[in-house]
S.K.: 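Dropping a structure here in C-alpha cells format, bear with me for questions.
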Amino acid sequence: MTAMCPAGHQSATTDYCDECGMRMSGTTDLGSTTDLSLDPVTKPTPSTGEPCPVCTTARVGRDQFCEECGYDFVARTGGMLSRANASAAATWEIVVTADRAYFDSLDAENIHFPSAYSPQQFTLAAQEVRVGRRSASRNIKPEIDLSGAPEDTGISHLHLQFVRADDGSYAVVDLDSTNGTTVNGGTSIPRGAAVALTDGDRIHLGAWTLITVHCIAGETHG
Amino acid sequence: VTTFRSETHQNPYIAVGATSVNAVVSITASDSLGAAAASGPNAAEIIIVDVSGSMNYPRTKIRSAREATAAAIDCIRDGVRFGVIAGTDTAQQIYPSPGRLVEASDATRADAKRAVSKLSAGGGTAMGWWLKQANELFRDEPPGIKHALLLTDGQNADETPAELDDALRECEGNFQCDCRGVGADWKPDELREISTMLLGETDVIREPESMVADFQEVMERAMGRHVSDVSIRLWTPVGAEIAFVKQAYPEIVDLTHRRAVVSEREGDYPTGAWGDEVRDYHVSITVPAHNPGDEMLAGRLKLVIDGEVAAETMIKAIWSEDEHLTTKQERRVVESELRNEFAEVTREAVEARAQGDTERETAKLIRLQEIAETLKDEDKLNALSHVTETDPETGKVIPKAHIDPADEIEWRTRSVKTNRTRMPDPADEPEVPDS
C-alpha cells in the first residue's frame, strides 16, 4: 500500500512521506466514524472557549493553535507543557469506534462492517490494561472486553495491552495477536514492543476497530 | 521479554528560515511484562588487569588489583564463560589455560581467584595487545553478551597511538569494554578512546581500596544486560543532514561517525547491549527550510534488534511565525546542549592549563562554573571545587594554585558524565501543587 505525498512522492508510510518527510494530507481526518464533533471525549463546545487539553487555556475563535502552549486543535497534537508535568496529572482515556476507511482498506473476507456502533470510552488507570475478547472456555478476561455485538472477530482474545510508564504516560504492546496492531497507520508494531503513546494516537486492530488515545491534562492551579 | 519505550523530547516549532531541529530521545528498556531474564542470552566476560611495573607503586596497588579482580570474578554468574588476562607489554591469559574460556561455577571461580592471587607486577603497558587477545578469545564464543573490564594505572607507553587504533578497529563491534583508571598517571583521553569505540564507560578509581565495590557494580551491570547488539536506526528526509547523533545520558558518547548505511534514507548507530536501563540520545538534524505552517518529519528513530523494530519515535519540525511557540526550549535539549558544552570547555581549560595560559584557563573555568550552576549538577560543582578557588576581589572562580593531579584527572574523566539533574524547565509553568 502506498500513498501520495503533497510533493508527489510515493510513500510506504502514511503519516509522513518516507521520502521528503512532509506531512501527508488527510492524515488527521482519516476515518468516517471519528468525526471530532461526535467524539465523546471532546464534547461539542461553542465556537470559542474550548479548553486546551494540554494547558486548559480557552481556545480563541477557530484558531488552529492554542495561544498559550501551541497545542494544535485541528491535528489534536502538540502543546508544550513539559511532558513530565503534563502527564503527571494527566488522564488517559481511550475511545473505541468502528473505522469504515480502515475496514475498506483491509478488504477482509467474511466480516461485515457493523451497521451501528456506539463509541465506547474507557479510562486507563491501572499499570497494565489488556484489551481483547472475553473467552469463558479459555478463561480469558481482558480488562477491556470488546466482545459482544457488534463483535470484531479479527480481535484476538488477548490482543494488546496498555502499559503505564513511570512518568504516567502509556504505551501499547501487542500481545502476540493473530492479526497484529498498527499505530497511526503504517505497519504492524512488533509483538512485545512497547510503543509510547501520545494524545491523538490512532490504534487499529481487528477488521474495523479503531482505538483513539486521549491524554487529558489534569487540573492546573493558578 | 525486554520491552523498549522511546519518547521524543523536543519543541517541534521552529522559526521561519530556521533549519536546525534538535531533539532528545529517551529510550527505556524494561522487563516489565514479567518474563524473567534470569537466564539471559549467552554471555562471556574477560577481566583484563594491568600488572605492569608501575602497579607496584604504591605497593598496595597490585594487592588491591588482585582483590578487585577476585571480587569481579565473584560477580560472574553461573554459566557465563569467562577468563582473566594479565597485561604488560604483552598479554598473558592467566585463567583458564590459554586459548579458551570456561563456564563460571563455584569451582572455576575458586581456581581463577587462586591464579589471580599469584599475580605480580612487572613490565610495560600495551593495551592494544590486551584487547586483541580478548578479541581472539571472544571470537570463538557463540553470539551473545561479550564484555571486558580493563583496569590500568598507567599510560599506554609501549605501543604507538596507531597500534592502539588498529587494535580497536579489530575489536569494534565484537565486544564491549569498560575501563577503570587507578591513581593519577593515566590519560583519560586514552581510556576514553577505548571505552567509546567499544561502547563502554571510563571512570576513575581514586583509592585502590574502593576498587572492589566499583568492580562489583560494573560486573552486575554487564551481566544484567540481556539484549545484545541493539542499534538506533535513523531515517531522515531527502535533503536533510545529520549534524550529530550523541548518547546524552548516562554519559556523552558521540556516535555521529559510527553510522552504518542501511539505505539511502536510513543509517544504523551501534548502542551495544542493554539491561533494564534508560538512555538518552541527542539528535540534531539540519533540514531544508519550509514555509510557515508546514509540518515535516525531520527524523524517524527506531530501535532495531536483529532486524526487528523494538521501538519507534518521531522528530518533527513545524515552521511557525509565532515567536511564542518557536522560542520555547525543551528542558532536556537545553540540558544536553549545556552538558556537551561542559565537556568541550573542560577540554579547552585543560589545554589552556597545559599551555600555561592562565587567562584563558580562568575564562573557561568561569564558564564551567556557570554551566554547573545552571544544571544544578552537584557532581560537576564538586569536581570544579577541587580545581578552582574563589577570587576574593571579583567573587569569580580562578584556578587553584596547587591542584592534586588525581583531582584533575577525575574532573577531566567525569566531565562527560551526565547526571539527571533538576534544572528548572525553561518552558515550565509554576509548580502544580499536589492535590
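Side chains are part of it too, since the values below use all heavy atoms of this structure and drop only hydrogens, waters and symmetry mates. So you know, we letter chains A, B, ... as the sequences are listed, proteins then strands, and number each from 1. Since the model is a prediction, treat every value here as computed from it, not as a measurement.
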S.K.: Measure the spacing between OG1 of T13(A) and CE of M314(B) and express it to the nearest 0.5 Å.
M.R.: 9.5 Å
S.K.: In terms of heavy-atom contacts, does CD of E341(B) have more than 12 from other residues, nucleotides or ligands at under 6.0 Å?
M.R.: yes
S.K.: Residues two or more places apart in sequence or in another chain: which of them pass salt bridge (Lys or Arg N to Asp or Glu O under 4.0 Å) with D294(B)?
M.R.: none
S.K.: If you count heavy-atom pairs under 4.5 Å with chain A, which of E312(B), R265(B), E308(B) comes out on top?
M.R.: R265(B)
S.K.: Do you know which two heavy atoms are closest between P237(B) and C20(A), and how far apart they sit?
M.R.: CB-O, 3.2 Å
S.K.: Could you give the distance from SG (C5(A)) to CE (M296(B)), rounded to the nearest 0.5 Å?
M.R.: 10.0 Å
S.K.: Not counting sequence neighbours, which residues clear salt bridge (Lys or Arg N to Asp or Glu O under 4.0 Å) with D268(B)? List them please.
M.R.: R233(B)
S.K.: Does atom CD (E277(B)) have a neighbourhood of more than 12 heavy atoms from anything else shown, all under 6.0 Å?
M.R.: yes
S.K.: Can you find a pair of side-chain heavy atoms, one from D15(A) and one from R300(B), that are under 4.5 Å apart?
M.R.: yes
S.K.: At a heavy-atom distance under 4.5 Å, which candidate from C17(A), A194(A), A165(A), A193(A) has the highest pair count against chain B?
M.R.: A194(A)
S.K.: What's the separation between atom NZ in K316(B) and atom CZ in R23(A), rounded to the nearest 0.5 Å?
M.R.: 6.0 Å
